[in-house]
Amino acid sequence: MTDTPPSLAALSALLAEQASVLAASASPLTSPAYLDLVRRAQHVDSLAEQVLKLCVQQSRDAGHTWQELGDLLGVTRQAAFQRFGKPIDPRTGEPMDKTVRMTDASERALQIVTDVLEGRMDAARPTFNAEVLAAFTDEVRANGLAAVAGTVGAFEGFGDDDPFVRRIGDYTVVDIPLRYEAGDMKARVSFDADEKVAGLVVISEEIP
């Protein structure tokens with residue numbers, strides 16, 4: 001027997017209750033334990049995400065499009081789908097697993113991008129799968145970075161936002177914000193099921 005998912009009303013009530021507890025804990029009169037305050041805030045954030053997901057699901061069930069939802073959330077329709085959608089695997093007819101199992105994907109991607117940008121290819125190459133290893137030559141690296149420089153100028157550093165990690169199909173994908181002198185870009189690193197780099201590109205930050 002499967003558990004019945006909580007309703008929107010139940011989740012919203014629980015969110016309101018926990019938000020009230022958090023507000024009371026934050027009162028200067030109670031001298032809260034600050035780590036406990038963080039824990040409570042994290043719980044509220046998790047509940048809010050569940051409420052948002054359920055609202056999006058109900059909006060989709062009511063016939064609203066991903067374009068409408070993306071406009072409301074301030075993202076593209078593809079970004080909205082990647083965050084909230086439930087894609088079906090055409091190979092199996094089953095819902096795709098969106099669970100990110102690479103707990104260190106963000107850190108690994110950041111190190112790989114740093115190595116590539118700074119020319120430490122001997123450090124980066126052992127992380128590549130066979131296809132990328134064969135294709136990502138020094139010439140390809142140089143030509144790619146030259147094309148980026150011709151578009152947005154010199155690399156100035158990493159962006160302020162944290163890397164964005166998600167699972168797309170069989171891949172774990174990490175987007176890392178990059179700052180250039182004439183615009184912002186992002187490095188996209190894709191890891192395959194063996195946790196090897198299956199793709200690495202620098203693209204516009206506006207690409208979903």
Side-chain angles (χ1 to χ4, degrees), residues 49 66-67 70 73-208:
E49 180 70 10
W66 286 115
Q67 185 66 61
L73 296 168
V75 298
T76 65
R77 63 180 181 178
Q78 184 178 352
F81 175 77
Q82 288 178 358
R83 181 177 177 185
F84 299 106
K86 297 180 179 179
I88 301 299
D89 191 331
R91 299 166 296 186
T92 64
E94 298 293 329
M96 287 187 171
D97 184 1
K98 296 173 69 175
T99 305
V100 176
R101 294 188 172 85
M102 282 185 66
T103 57
D104 61 345
S106 177
E107 294 79 5
R108 287 176 59 182
L110 185 59
Q111 184 60 59
I112 291 164
V113 170
T114 300
D115 289 337
V116 170
L117 291 176
E118 296 182 358
R120 295 192 296 270
M121 295 306 296
D122 287 343
R125 284 194 176 98
T127 69
F128 297 168
N129 68 15
E131 291 79 8
V132 175
L133 187 60
F136 204 91
T137 63
D138 289 341
E139 181 180 7
V140 167
R141 170 190 172 275
N143 290 343
L145 294 182
V148 174
T151 303
V152 288
F155 175 65
E156 294 184 337
F158 292 99
D160 296 329
D161 293 335
D162 292 332
F164 174 42
V165 184
R166 71 274 195 206
R167 183 170 173 181
I168 301 178
D170 297 329
Y171 298 92
T172 299
V173 181
V174 185
D175 286 349
I176 300 174
L178 306 175
R179 287 187 293 103
Y180 287 81
E181 62 176 316
D184 293 330
M185 305 287 279
K186 60 185 174 186
R188 174 166 292 170
V189 182
S190 302
F191 294 97
D192 62 20
D194 295 322
E195 300 188 1
K196 289 287 190 176
V197 175
L200 197 167
V201 293
V202 175
I203 56 178
S204 168
E205 67 168 350
E206 298 177 355
I207 296 177

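Any value given below was found using the heavy atoms of this structure, including those in side chains, with hydrogens, waters and symmetry copies removed.
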Salt bridge (charged side-chain N to carboxylate O under 4.0 Å, His left out) evaluation trace for Asp175 with Arg166:
CA-CA 9 Å; Asp175 286 349; Arg166 71 274 195 206; 3.2 Å; yes

I'd like to know whether Val173 forms a side chain to side chain contact (heavy atoms under 4.5 Å, CB included) with Gln82, so could you lay out the CA-CA distance, the side-chain angles of the two residues, the decisive distance to 0.1 Å, and finally the verdict.
CA-CA 11 Å; Val173 181; Gln82 288 178 358; over 6 Å; no

Under the side chain to side chain contact (heavy atoms under 4.5 Å, CB included) rule, what do Met121 and Phe128 come out as? Steps first, then yes or no, please.
CA-CA 11 Å; Met121 295 306 296; Phe128 297 168; 4.1 Å; yes

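Atom OH of Tyr171 is surrounded by 12 or fewer heavy atoms from other residues, nucleotides or ligands within 6.0 Å. Open room surrounds CD on Glu139; 12 or fewer heavy atoms of other groups in view lie less than 6.0 Å from it. The local environment of CG in Asp122 is sparse, with at most 12 non-hydrogen atoms from other residues, nucleotides or ligands closer than 6.0 Å. Within a 6.0 Å sphere centred on CZ of Arg77, heavy atoms belonging to other residues, nucleotides or ligands number 12 at most.
Between Asp161 and Lys186, none of the side-chain N atoms (NZ, or NE/NH1/NH2) sits under 4.0 Å from a carboxylate O, so this pair counts as no salt bridge. No salt bridge links Lys196 with Asp194; every basic N to acidic carboxylate O contact stays at or beyond 4.0 Å. Electrostatic pairing of Arg125 and Asp138 counts as a salt bridge here, judged by a charged N lying under 4.0 Å from a carboxylate O.
Between atom CZ of residue Phe81 and atom OG1 of residue Thr76 there is a gap of 12.0 Å, rounded to the nearest 0.5 Å. Put simply, CD on Glu94 and CD1 on Ile88 are 7.5 Å apart, with the number rounded to the nearest 0.5 Å. The CZ atom of Arg108 sits 5.0 Å away from the CD atom of Glu195 when rounded to the nearest 0.5 Å. In this structure, Arg91 CZ and Asp170 CG are separated by 4.5 Å, a value rounded to the nearest 0.5 Å. The line from CG of Asp162 to CG of Leu110 is 10.0 Å long, rounded to the nearest 0.5 Å. Annotation: the span from Asp104 atom CG to Gln111 atom CD amounts to 12.0 Å, rounded to 0.5 Å.
A donor-acceptor contact shorter than 3.5 Å is absent between the side chain of Thr99 and the backbone of Arg101. A donor-acceptor pair under 3.5 Å is formed between the side chain of Arg167 and the backbone N or O of Gly169.
Contact detail for Phe155 and Arg179: the closest heavy-atom pair is CD1-O, 3.6 Å. For Val140 against Ala135, the heavy-atom pair with the smallest separation is CG2-O, 3.4 Å. Of all the heavy atoms in Leu178 and Leu117, the pair that sits closest is CD2-CD1, 4.4 Å. In plain terms, the two heavy atoms of Val174 and Ser106 that are nearest each other are CG1-CA, 4.3 Å. The heavy-atom pair separating Ala187 from Val113 by the smallest distance is CB-CG2, 3.8 Å. The nearest pair of heavy atoms linking Ala79 to Val75 is CB-CB, 3.9 Å.
Side-chain contact between Glu131 and Asp192 is absent, with no heavy atoms from C-beta onward closer than 4.5 Å. For the pair Pro177 and Phe164, the minimum side-chain heavy-atom distance is 4.5 Å or more. Looking only at side-chain heavy atoms (C-beta outward), Arg120 and Thr114 come within less than 4.5 Å of each other. Between Lys86 and Pro95, every side-chain heavy-atom pair lies at or beyond the 4.5 Å cut-off.
Considering Val132, Thr127, Ile112 in turn, Ile112 is the only one that fulfils the side-chain contact (heavy atoms from CB on, under 4.5 Å) rule with Leu200.
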